[in-house]
Amino acid sequence: MRNWVKVTGAGVLSATLLLGGCGTQSEEKAEANVKTEKTLQPGSQIKLQGAVNVRDLGGYKTTDGLTIKPHKLIRSAELATLSDSDKKKLVNTYDLSHIVDFRTNTEVKAKPDPELTGVDYTHDSVMKDNGASTSTQDLTASLAKMDNPETFLINANKSFVTDETSIQAYKDFFEILLANQDGSVLWHCTAGKDRAGFGTALVLSALGVDKNTVIDDYMLSNKYRASENEKAIQAVAAKTDNKKVIDGMTAVMEVRESYINAAFDEIDAKYGSMDNFLKEKLGLTDDKKEQLKKAYLY
């Protein structure tokens with residue numbers, strides 16, 4: 001599998017140990033999965049010490065009455081500061097087999113993913129790398145020049161649909177999901193909300209989850225990133241009392257329905273439907289879609 005490097009205008013803002021029991025390992029794992037299936041709440045967070053906005057997509061229902069399997073599809077923010085216990089949790093509890101990193105070369109170099117034993121890694125950048133810094137100083141200066149940061153994020157989400165770099169990255173992402181034979185696939189960007197958020201929207205849509213649920217999942221980033229978002233906003237507020245800049249930082253740290261809907265509207269305008277986009281641009285034929293559903297639904 002080759003490594004891919006690809007951002008749009010997001011640039012500067014891109015920003016078991018089992019005790020007791022005498023069953024075999026597979027029996028114990030099966031029993032654990034049954035328990036998980038009974039208790040899993042769709043959109044629930046995987047609590048880790050060194051990463052935020054980490055979520056198992058298991059439990060979401062599709063329009064034809066099927067359910068996404070637990071411990072198969074995981075979305076996340078950056079993983080650079082995973083603790084040893086985090087790594088064990090992802091590998092042992094969530095059976096992690098493949099990490100897909102949507103970040104740029106610059107982001108990866110600054111905060112590389114840790115190597116996990118037995119876990120494949122693919123760098124699949126969704127955006128062109130402009131080498132921009134995400135320091136508070138640079139963010140403040142960038143925001144001060146923007147007329148409307150919300151419009152910036154709307155345009156960035158549109159670009160996920162129109163930019164050939166982004167299209168190729170998401171196409172390659174689906175090929176990884178299709179090739180996965182066992183275990184879970186985790187995909188992430190930096191904040192786990194924009195590039196990873198749109199990638200998640202594509203996966204949920206391809207599996208047959210209704211649009212309202214897709215948007216609800218997208219919006220959960222505000223909940224699971226609340227503390228980190230507030231820290232970032234306060235860091236900017238400590239540098240300036242410019243309300244435009246502070247409001248701008250709030251806009252770029254949050255997810256808003258207008259952002260993801262911009263991508264959906266662009267898909268409808270250019271391709272007529274999500275199904276058409278998935279087939280025509282991402283190569284998800286009817287056969288591949290059925291293969292995807294067999295792998296990740298029950």
Side-chain angles (χ1 to χ4, degrees), residues 1-8 10 14 53-58 60 68-69 72-79 90 94 96-105 107-108 113 119-129 156-209 214 217-218 221 260 263-264 266-267 271 274-285 287-297:
M1 184 70 66
R2 65 188 178 94
N3 285 348
W4 296 281
V5 186
K6 309 165 192 180
V7 188
T8 35
S14 55
N53 204 15
V54 188
R55 292 181 254 155
D56 186 344
L57 300 186
Y60 279 122
I68 297 180
K69 297 175 183 177
K72 294 294 289 185
L73 299 169
I74 302 171
R75 56 174 296 173
S76 177
E78 63 189 13
L79 305 176
L90 288 172
Y94 288 89
L96 185 61
S97 65
H98 204 131
I99 293 172
V100 183
D101 189 343
F102 288 151
R103 299 176 300 164
T104 65
N105 271 349
E107 291 171 297
V108 171
D113 281 5
V119 179
D120 292 329
Y121 171 90
T122 300
H123 181 209
D124 186 25
S125 181
V126 169
M127 303 162 72
K128 296 183 183 72
D129 192 354
N157 275 269
K158 287 182 179 180
S159 75
F160 294 153
V161 178
T162 60
D163 185 87
E164 287 303 321
T165 294
S166 300
I167 290 170
Q168 186 63 50
Y170 288 124
K171 183 176 182 179
D172 293 338
F173 172 45
F174 271 104
E175 290 302 318
I176 291 169
L177 293 177
L178 287 164
N180 184 47
Q181 297 294 316
D182 191 24
S184 63
V185 178
L186 179 153
W187 57 95
H188 76 94
C189 51
T190 294
K193 69 184 185 71
D194 298 313
R195 289 164 286 183
F198 183 63
T200 301
L202 293 175
V203 173
L204 292 176
S205 297
L207 291 173
V209 176
V214 173
D217 177 82
Y218 176 82
S221 283
I260 191 64
F264 287 146
E266 195 75 9
I267 286 171
Y271 302 101
M274 174 63 79
D275 282 345
N276 288 343
F277 175 71
L278 291 169
K279 182 182 292 186
E280 294 175 22
K281 300 302 290 184
L282 303 189
L284 201 65
T285 62
D287 286 345
K288 286 185 176 181
K289 187 181 289 187
E290 285 307 308
Q291 181 185 340
L292 196 73
K293 290 181 176 181
K294 287 180 180 178
Y296 297 105
L297 302 178

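The structure presented is a predicted model; accordingly, all values stated were derived computationally and were not measured. Side-chain atoms are counted along with the backbone in the values below, which use heavy atoms only and exclude waters and symmetry mates.
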| field | CA sep, side-chain torsions, deciding dist, call: Tyr170, Thr165, side chain to side chain contact (heavy atoms under 4.5 Å, CB included) | value | CA-CA 9 Å; Tyr170 288 124; Thr165 294; over 6 Å; no

| field | Lys/Arg N to Asp/Glu carboxylate O, Glu164 vs Lys281, below 4.0 Å | value | yes

| Do we see a donor-acceptor contact under 3.5 Å between the side chains of Ser97 and Asp120? | no

| field | Side chains of Lys288 and Lys279 in contact at under 4.5 Å (non-hydrogen atoms) | value | no

| Distance in Å, Thr200 OG1 paired with Ile74 CD1, rounded so as to fall on 0.5 Å steps | 11.0 Å

| query | With a 3.5 Å cut-off and no angle check, do the side chains of Gln291 and Asp287 form a donor-acceptor pair? | reply | no

| Taking the side chain from Asn276 and the backbone from Tyr271, do they hold a donor-acceptor pair closer than 3.5 Å? | yes

| query | Does the side chain of Lys69 come within less than 4.5 Å of Tyr296's, by heavy atoms? | reply | no

| said: side chain to side chain contact (heavy atoms under 4.5 Å, CB included) for Phe173 and Leu202? Distances and angles first, verdict last. | reply: CA-CA 10 Å; Phe173 172 45; Leu202 293 175; over 6 Å; no

| said: Can you see whether Asp217 engages Tyr60 through a side-chain donor-acceptor pair at a distance of less than 3.5 angstrom? | reply: yes

| said: With a 4.5 Å cut-off on side-chain heavy atoms, are Met274 and Phe264 touching? | reply: yes

| Donor on one side chain, acceptor on other, His188 and Asp113, under 3.5 Å | yes

| task | Grab the two heavy atoms, one from Ser205 and one from Val214, that are nearest each other, plus how far apart they are. | result | OG-CG2, 4.0 Å

| query | Can you tell me if Thr104 and Arg195 form a side-chain donor-acceptor pair at under 3.5 Å? | reply | no

| said: Below 30° counts as parallel, above 60° as perpendicular, anything between as tilted: where do the rings of Phe277 and Phe198 land? | reply: tilted

| query | Run the side chain to side chain contact (heavy atoms under 4.5 Å, CB included) check on His98 and Leu186 step by step: do they pass? | reply | CA-CA 6 Å; His98 204 131; Leu186 179 153; over 6 Å; no

| said: Side chains of Lys289 and Leu207, heavy atoms from C-beta outward: is any pair under 4.5 Å? | reply: no

| request: For Val185 and Leu96, work out which heavy atoms get closest and say how close. | output: C-CD1, 4.4 Å

| Qualifying residue, where the test is side chain to side chain contact (heavy atoms under 4.5 Å, CB included) with Leu297 and the options are Leu292, Val209, Ile68 | Ile68

| message | Do Glu78 and Arg103 have side chains that approach each other closer than 4.5 Å (heavy atoms only, starting at C-beta)? | response | yes

| said: Just so I know, are the side chains of Leu73 and Leu177 near enough to count as touching, which here means a heavy-atom distance under 4.5 Å? | reply: yes

| request: Give a yes-or-no answer on whether the side chains of Asp56 and Tyr94 include a donor-acceptor pair shorter than 3.5 Å. | output: no

| In Å and rounded to the nearest 0.5 Å, what is the OG1 to CD distance from Thr285 to Glu280? | 12.5 Å

| note | Rounding to 0.5 Å, atoms CD1 (Ile176) and CG (Asn180) come to a distance of 9.5 Å

| task | Decide side chain to side chain contact (heavy atoms under 4.5 Å, CB included) for Arg75 and Ser221; before the verdict, give the C-alpha distance in whole Å, the side-chain angles of both, and the deciding distance to 0.1 Å. | result | CA-CA 11 Å; Arg75 56 174 296 173; Ser221 283; 3.5 Å; yes

| query | Between the side chain of Asn53 and the main-chain N/O of Ser76, is any donor-acceptor distance below 3.5 Å? | reply | no

| message | Could you report the tightest heavy-atom contact between Asp194 and Cys189, atom names first, then the distance? | response | N-SG, 4.4 Å

| Between the main-chain N or O of Gly283 and the side-chain N or O of Lys171, is there a donor-acceptor pair closer than 3.5 Å? | no

| message | So Trp187 and Asp101, do their side chains get closer than 4.5 Å, heavy atoms only? | response | no

| query | Hey, does Thr122 have a side-chain heavy atom less than 4.5 Å from the side chain of Ile99? | reply | no

